[in-house]
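Following: one structure in structure tokens, then a few remarks.
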Protein chains: 2
Amino acid sequence: MKQYHLNDENQSQENHSQETLTYSISELSKEFEITPRSIRYYEAEGLISPQRQGSQRVYHRGDLIRLQLILRGKRVGFSLSEIREIINLYDSPKGEQKQTTLLLGKIEERRNALYQQQKDIKTMLSELDRLEIRINQPEK
Amino acid sequence: MKQYHLNDENQSQENHSQETLTYSISELSKEFEITPRSIRYYEAEGLISPQRQGSQRVYHRGDLIRLQLILRGKRVGFSLSEIREIINLYDSPKGEQKQTTLLLGKIEERRNALYQQQKDIKTMLSELDRLEIRINQPEK
DNA sequence: TTTTTAGTTTACGTTCACGTAAAGGTAAGC
DNA sequence: GCTTACCTTTACGTGAACGTAAACTAAAAA
């Protein structure tokens, strides 16, 4: 069991001690506790596009941030294509947003879904509370 | 296009005007905006068990409440088997809870997942905020 | 130099949560 | 009696998100 610090010194030549820290796919998979397969799948689905050194994938900080966004999106129940939409919103160039209104609509959708989820979670939590109380109650 | 009031007078004999209101599968599917297929699937998965009149399914109020719980569970990202677990918690008889500690552990798990989701939703919402702001910003 | 170790692509397999026929039963209305 | 509407079961199909195995490459370690 090693300790996986992301800032390993694993590059040798041309290292100007800049913050050019990169990551292999296995490092990422350990850091995020997902399989390399998943990471490659996200790439195939167009959610990330790491650099290559030869045939090998090389991940930078931006990719980590995206992965984080992807996993967070998954946890709140978004599908990969929905997450891709969000990412595309981020990536579309600043001024010339395609159809601004359309994008804003998408965002509104997402936001409303999240609001609904907040409610759902609250009621779910209080239901679990009541459940726990009931269990701890000695038989009346 | 009829109007689907759930309290239709569709029972004739022996109706003592009690609150014995029942529902057909199509009534439920319209009310909850899901397909009959889904409802039957939930039954096959052991999440609900409606009465029968002959071969037909007859749903009562308790079934509606369960369906509500199921759909809420789905919206917050639980799988059907996870929802079944929660339901089973509810259904296990009051005093002689099998292994109380084990059940409480399950509840804790669920609760923590929900807490994490609350965080996720919040950051996601603020990210959408920033995104919206960026879009509305005229090119600097 | 040979052997690990870590990476790659290709492709078929799998689980979940249903969708979608197909084939039939039953009660109401014409 | 026949049609229509609504229900049933059985069963095969489907999309998403990977799992898993096979076959190969390249670099690092022994």
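Side-chain atoms are counted along with the backbone in the values below, which use heavy atoms only and exclude waters and symmetry mates. Lettering of chains follows the sequences in order, A, B, ..., and the numbering in each one begins at 1.
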Checklist entry - Between atom CZ in A/R57 and atom P in C/dG7, what is the gap in whole Å? => result 10 Å
Item to check | Selected nucleotide, minimal atom distance to B/S55 side chain, candidates C/dG7, D/dT8, D/dC6 | outcome: D/dT8
Next on the checklist: Rounded to whole Å, how long is the line connecting atom CD of A/E43 with atom P of C/dT10?
Outcome noted: 12 Å
Checklist entry - Under 4.0 angstrom, heavy atoms only, what part of the nucleic acid is B/S81 near: base, sugar-phosphate, or nothing? => result nothing
Checklist entry - If we ignore angles and hydrogens, is there a donor and acceptor under 3.5 Å between the side chains of B/Q116 and B/D120? => result yes
Checklist entry - Given atom CD of A/Q53 and atom C1' of D/dA28, what is their separation to the nearest angstrom? => result 16 Å
Next on the checklist: Rounded to whole Å, please give me the gap between CD1 in A/I25 and P in D/dA26.
Outcome noted: 18 Å
Checklist entry - Quick one: on DNA chain C, does B/S79 or B/Q56 contact a more 5' nucleotide (nearest heavy atom)? => result B/S79
Checklist entry - What is the distance, rounded to the nearest whole Å, between atom CG of B/L80 and atom P of D/dA16? => result 18 Å
Checklist entry - For C/dG7, does OP1 or OP2 lie under 4.0 Å from any side-chain N or O of A/S24? => result yes
Checklist entry - Do any side-chain nitrogens or oxygens of B/K74 fall under 4.0 Å of OP1 or OP2 in C/dC18? => result yes
Next on the checklist: Looking only at side-chain N and O atoms, does B/T123 offer a donor or acceptor that is under 3.5 Å from a partner on A/R72?
Outcome noted: yes
Item to check | salt bridge (Lys or Arg N to Asp or Glu O under 4.0 Å) evaluation trace for B/R111 with B/E108 | outcome: CA-CA 5 Å; B/R111 205 199 306 278; B/E108 258 336 88; 3.1 Å; yes
Next on the checklist: For B/F78, does the six-membered ring have the charged nitrogen or CZ of B/R110 within the cation-pi criterion, i.e. under 6.0 angstrom from the centroid and within 45° of the normal?
Outcome noted: yes
Checklist outcome for this item: In whole angstroms, the gap separating P of C/dG25 from CZ of B/R52 amounts to 17 Å
Item to check | Point-to-point distance, once rounded to the nearest 0.5 Å, from CZ of B/R66 to CD1 of B/I83 | outcome: 12.0 Å
Next on the checklist: Measure CD1/B/I39 against C1'/D/dC6 and give the value in whole Å, please.
Outcome noted: 14 Å
Checklist entry - Whole-Å distance between D/dT10 P and B/R40 CZ? => result 12 Å
Item to check | Donor-acceptor side-chain pairing of A/S38 and A/T35 below 3.5 angstrom | outcome: yes
Using a cut-off of under 3.5 Å, enumerate the N/O to N/O pairs linking the protein to nucleotides 19-23 of chain D.
from: D/dG19; atom 1: OP2; to: A/T35; atom 2: OG1; distance (Å): 2.6
from: D/dG19; atom 1: N7; to: A/R37; atom 2: NE; distance (Å): 3.0
from: D/dG19; atom 1: O6; to: A/R37; atom 2: NH2; distance (Å): 2.9
from: D/dT20; atom 1: O4; to: A/R37; atom 2: NE; distance (Å): 3.2

Item to check | Phosphate OP1/OP2 of D/dA17: any A/Y42 side-chain N/O under 4.0 Å | outcome: no
Checklist entry - Looking at residues at least two apart in the chain, or sitting in another chain, which of them share a side-chain contact (heavy atoms from CB on, under 4.5 Å) with B/Y41? => result B/R37, B/E45, B/L80
